[in-house]
Trainee: 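Dropping the structure in here first, questions after.
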Amino acid sequence: METAYINSPLGITKIVGDENGISEITVANAGDNAVSDIIATELQEAVSQLNDYFLGKRTDFDFKLNPKGTDFQQRVWKGLLEIPFGKTMSYLELSKKLGDVKAIRAVASANGKNPLWIVVPCHRVIGTDGSLTGYAGGLWRKKWLLDHENPLKQQSLF
């Protein structure tokens with residue numbers, strides 16, 4: 001496995017993967033790790049696409065993914081990939097979409113274990129009442145990501 005650390009507006013981003021795909025993308029606070037001087041070939045496309053995302057030049061990702069998780073977690077993560085850029089979905093809606101409204105807690109748990117920050121867009125899942133609920137990277141990051149993806153940017157009056 002290769003590992004790289006890059007700067008992002010939300011902290012240092014850790015990317016882990018190999019020739020089979022990217023298995024982990026996480027964020028840490030600045031100062032937790034040094035930014036990589038050299039990016040392994042297997043990680044270069046992911047780094048490029050993430051940088052484009054943060055610059056507002058990309059709305060989806062097409063590099064190979066290889067997350068590790070249970071069959072149920074994999075189903076939830078695939079469901080997350082179907083939430084369009086700039087849109088949100090509640091945990092209840094996601095549970096219904098996956099075929100079991102009673103699995104809402106299990107869906108929320110799998111969402112929280114998503115190993116591919118941003119790329120598998122767990123930040124697009126919100127509470128039924130529209131609230132920003134639980135986010136492993138911190139609610140301020142979730143808000144930033146949703147604002148970044150909002151196609152109707154609010155303009156300041158002053």
Side-chain angles (χ1 to χ4, degrees), residues 5-17 21-33 45-158:
Y5 297 91
I6 62 169
N7 272 320
S8 82
L10 299 174
I12 301 294
T13 300
K14 177 182 177 184
I15 304 164
V16 178
I22 303 299
S23 58
E24 179 185 343
I25 300 173
T26 56
V27 65
N29 293 318
D32 287 351
N33 294 292
E45 189 59 32
V47 167
S48 175
Q49 290 186 29
L50 282 164
N51 284 328
D52 285 349
Y53 169 86
F54 285 117
L55 291 171
K57 298 178 180 178
R58 176 172 286 278
T59 60
D60 63 342
F61 302 92
D62 58 12
F63 54 85
K64 188 174 180 182
L65 305 178
N66 189 23
K68 307 292 185 239
T70 66
D71 289 345
F72 180 77
Q73 289 170 334
Q74 297 280 350
R75 273 188 51 224
V76 171
W77 301 336
K78 283 182 181 158
L80 294 171
L81 288 169
E82 296 174 12
I83 304 172
F85 184 89
K87 303 288 184 192
T88 58
M89 178 180 285
S90 73
Y91 291 100
L92 180 60
E93 290 170 314
L94 184 56
S95 297
K96 286 179 183 177
K97 185 176 180 180
L98 294 172
D100 188 356
V101 69
K102 293 179 182 174
I104 190 168
R105 289 182 191 269
V107 166
S109 176
N111 193 51
K113 290 181 172 77
N114 170 23
L116 293 166
W117 181 61
I118 297 177
V119 176
V120 175
C122 57
H123 60 277
R124 296 180 190 153
V125 182
I126 59 174
T128 303
D129 63 358
S131 63
L132 299 184
T133 58
Y135 189 64
L139 289 180
W140 72 272
R141 286 188 176 107
K142 184 172 188 163
K143 182 180 182 330
W144 189 97
L145 290 166
L146 292 174
D147 288 346
H148 178 69
E149 293 183 359
N150 187 342
L152 304 172
K153 302 271 187 217
Q154 183 69 32
Q155 294 182 346
S156 173
L157 297 176
F158 304 99

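Numbers here simply count residues along the sequence, with the first being 1. All of these numbers come straight from a predicted model, not from anything done at the bench.
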Trainee: Taking Q74 for the side chain and P67 for the main chain, is one N or O donor matched with an acceptor at less than 3.5 Å?
Mentor: yes
Trainee: If you round to the nearest 0.5 Å, how far is CH2 of W117 from OH of Y135?
Mentor: 6.0 Å
Trainee: Given side chains that start at C-beta, do those of P115 and K68 come closer than 4.5 Å, heavy atoms only?
Mentor: no
Trainee: Only one of I22, D60, L50 passes side chain to side chain contact (heavy atoms under 4.5 Å, CB included) with V119; say which it is.
Mentor: L50
Trainee: For residues L132 and L146, determine if any side-chain heavy atom of one lies less than 4.5 Å from a side-chain heavy atom of the other.
Mentor: yes
Trainee: Applying side-chain contact (heavy atoms from CB on, under 4.5 Å), run through F61 and I118 and close with a yes or a no.
Mentor: CA-CA 10 Å; F61 302 92; I118 297 177; 3.8 Å; yes
Trainee: Would you mind reporting whether V27 and R141 have side-chain heavy atoms less than 4.5 Å apart?
Mentor: yes
Trainee: Once you round to the nearest 0.5 Å, how far does OG of S95 lie from CG of N111?
Mentor: 10.0 Å
Trainee: From L10 CG over to H148 NE2, what is the distance, rounded to the nearest 0.5 angstrom?
Mentor: 9.0 Å
Trainee: To the nearest 0.5 angstrom, please state how far the CD1 atom of I25 sits from the CG atom of N114.
Mentor: 9.0 Å
Trainee: Can you name the nearest heavy-atom pair linking R58 to F85, along with the distance?
Mentor: O-CE1, 4.2 Å
Trainee: Can you list the steps and then say if L94 with L80 is a side-chain contact (heavy atoms from CB on, under 4.5 Å)?
Mentor: CA-CA 8 Å; L94 184 56; L80 294 171; 3.7 Å; yes
Trainee: Taking E24 for its side chain and K14 for its backbone only, find out whether a donor-acceptor pair lies under 3.5 Å.
Mentor: no
Trainee: Is a salt bridge present between R124 and E149, judged by a nitrogen-to-oxygen distance below 4.0 Å?
Mentor: yes
Trainee: Taking the side chain as every heavy atom from C-beta outward, state whether Y53 and T59 have any atom pair closer than 4.5 Å.
Mentor: no
Trainee: For the residue pair V76 and L98, establish whether any side-chain heavy-atom pair is separated by less than 4.5 Å.
Mentor: yes
Trainee: Do the charged groups of K64 and E45 touch, with an N to O distance under 4.0 Å?
Mentor: no
Trainee: Go through it in stages, so that I can follow the logic: the residues are M89 and K97, the test is side-chain contact (heavy atoms from CB on, under 4.5 Å), and I'd like the CA-CA distance, side-chain angles, deciding distance and then a yes or no.
Mentor: CA-CA 10 Å; M89 178 180 285; K97 185 176 180 180; 4.1 Å; yes
Trainee: Could you measure the distance from the CD1 atom of I104 to the NZ atom of K102? Nearest 0.5 Å is fine.
Mentor: 13.0 Å
Trainee: Would you say the side chain of V107 lies within less than 4.5 Å of the side chain of F72, judging by non-hydrogen atoms?
Mentor: yes
Trainee: Drop me the distance from S90's OG to D129's CG, to the nearest 0.5 angstrom.
Mentor: 9.5 Å
Trainee: Can you say whether the rings of F54 and W144 are parallel (under 30°), tilted (30 to 60°) or perpendicular (over 60°)?
Mentor: tilted
Trainee: Measure the shortest side-chain to side-chain distance between T13 and T26 over non-hydrogen atoms and say whether it is less than 4.5 angstrom.
Mentor: no
Trainee: If we only count heavy atoms from C-beta on, is the I126 to T133 side-chain gap below 4.5 Å?
Mentor: no
Trainee: I'd like to know if the side chain of K142 reaches the main chain of V125, judged simply by a donor and an acceptor atom lying under 3.5 Å from each other, with no hydrogens or angles considered.
Mentor: yes
Trainee: So W77 and L65, side-chain contact (heavy atoms from CB on, under 4.5 Å) or not? Walk me through it.
Mentor: CA-CA 11 Å; W77 301 336; L65 305 178; over 6 Å; no
Trainee: Thinking salt bridges, do K143 and D147 make one under a 4.0 Å N-O criterion?
Mentor: yes
